[in-house]
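Because only heavy atoms are used, hydrogens play no part in the values below, and waters and symmetry mates are left out as well, while side chains stay in.
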Amino acid sequence: MQKTIHLLGLLIIAAGLTAISACDQTESIVIHEPGVYQGTSDDLKTDDALLKERIKGQMDR
């Protein structure tokens with residue numbers, strides 16, 4: 001009975017380690033270039049009407 005419990009425990013641990021080792025966690029590397037913005041575009045930067053509307057609601061600060 002004890003051998004069966006130990007064997008079952010070892011099988012569960014082995015299955016868990018196999019599942020964890022199969023995980024692929026590759027990360028993409030982005031090299032920074034000075035002066036080059038790589039984020040999303042900002043509508044407020046290009047549209048003066050939107051910028052003025054946003055600033056109008058924040059005059060209390």
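- Side-chain contacts under 4.5 Å among hydrophobic residues (ILVMFWY), followed directly or transitively, place L8 together with I12.
- Rounding to the nearest 0.5 Å places OG1 of T4 at 10.0 Å from NE2 of H6.
- Expressed to the nearest 0.5 Å, how far CD of E53 lies from CG of D47 amounts to 11.0 Å.
- In this structure, the side-chain contact (heavy atoms from CB on, under 4.5 Å) partners of I55, at least two apart in sequence or on a different chain, are L51, M59.
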